[in-house]
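Let me begin by presenting the structure, written as structure tokens, before commenting on it.
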Amino acid sequence: MDADNNGYAGRVAICPGSYDPVTYGHLDIIRRGAAVFDKVVVAVVNASVRKVHPLFEADERIALIEKSIEDLTNVHVQKFDILVVDFAREVGASVILKGLRAISDFEYEFEMNQLNRQMAPEVESVYMMASPKYSFVSSSGIKEMARFGGDVGEMVPPHVAVRLAEALKSQSSH
Ligand code: ADP
């Protein structure tokens, strides 16, 4: 194993995403990743290239993830606003770990994979299939469900469900 990872002599993987907010689907991939790699850095997109403004600021998205993974000693959460491959290099990661849900994820990931490979051939992308229980869980889906009063208790940890209800309530009162 090379000791080139910012002085860290283990295999580091990053899990990039917007996590607005974190769901059991994300957490499933993070936990499975933590069992396979020596260290997992959950990389939270700060300035999103997507047009929609996130419901939660980056610092709160990070806090919600941190509270969900308190028991995992080899997982760290950091925000980033540079290219994913540059962030991987910055933290000494040799792997980009992503979860794959349906065909729609595949098409997007296939394209991103080619681009990232071209920019950083030394960083390998690794994909884990979503667990069947969470294969239809997305942050955008749960926000929509919660907005219309749906029960998201099966899809996000309790502390996320509470903040989600509060954030949507204050959003609708503005
Ligand atoms: P979302 O699409 O829910 O907004 P993100 O942009 O935060 O998610 O995605 C971050 C990563 O987590 C992506 O690799 C995405 O495929 C993965 N992911 C998101 N939800 C799930 C899930 N339910 N099961 C497995 N992987 C997931």
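Counting starts at 1 for both ligands and their atoms, in listed order.
- Between Ser140 and ligand 1, not a single N/O pair is under 3.5 Å apart.
- Any N or O atom pair closer than 3.5 Å counts here, and Ser18 shares at least one such pair with ligand 1.
- Of the heavy atoms in Asp105, only side-chain atoms (C-beta onward) come closer than 4.0 Å to ligand 1.
- Within the 4.0 Å heavy-atom criterion, neither part of Met128 lies near ligand 1.
- Compare His26, Met129, Glu109 by their heavy atoms: the one nearest to atom 8 (O) of ligand 1 is in His26.
- Note: no N/O pair closer than 3.5 Å links Ser135 and ligand 1 by distance alone.
- The main-chain N or O of Ala130 is never found under 3.5 Å from a side-chain atom of Arg101 such that the two would form a donor-acceptor pair.
- Residue Val137 approaches ligand 1 through these ligand atoms, each under 4.0 Å from one of its heavy atoms: 20 (N), 21 (C), 22 (C), 23 (N).
- Applying the 6.0 Å contact sphere to CD of Glu144 captures no more than 12 heavy atoms from other residues, nucleotides or ligands.
- Surrounding CD of Glu66 are more than 12 heavy atoms belonging to other residues, nucleotides or ligands, all under 6.0 Å away.
- Around CE of Met119, the count of heavy atoms belonging to other residues, nucleotides or ligands within 6.0 Å exceeds 12.
- The Gly17 neighbourhood of ligand 1 comprises atoms 7 (O), 10 (C), with distances under 4.0 Å to a heavy atom of that residue.
- Counted by atom type alone, Ser125 and Arg117 present zero donor-acceptor pairs between their side chains at under 3.5 Å.
- In terms of polar-atom proximity, Ser138 is not counted as a contact of ligand 1, lacking any N or O under 3.5 Å from an N or O of the ligand.
- Environment of CD in Gln118: sparse, with no more than 12 heavy atoms of neighbouring residues, nucleotides or ligands closer than 6.0 Å.
- Using a cutoff of 4.0 Å between basic side-chain nitrogens and carboxylate oxygens, Lys143 and Asp20 are scored as salt-bridged.
- Residue Gly99 has at least one N or O atom closer than 3.5 Å to an N or O atom of ligand 1.
- Residue Tyr19 has at least one heavy-atom neighbour below 4.0 Å for each of these atoms of ligand 1: 7 (O).
- At a 4.0 Å heavy-atom cut-off, ligand 1 touches Pro16 through the backbone alone.
- By the 3.5 Å distance cut-off applied to N or O atoms, Tyr134 is counted among the residues near ligand 1.
- Between the side chains of Tyr127 and Asp105, no donor-acceptor pair is found at a separation under 3.5 Å.
- Under a 3.5 Å cut-off, the side chain of Ser138 and the backbone N or O of Gly141 do form a donor-acceptor pair.
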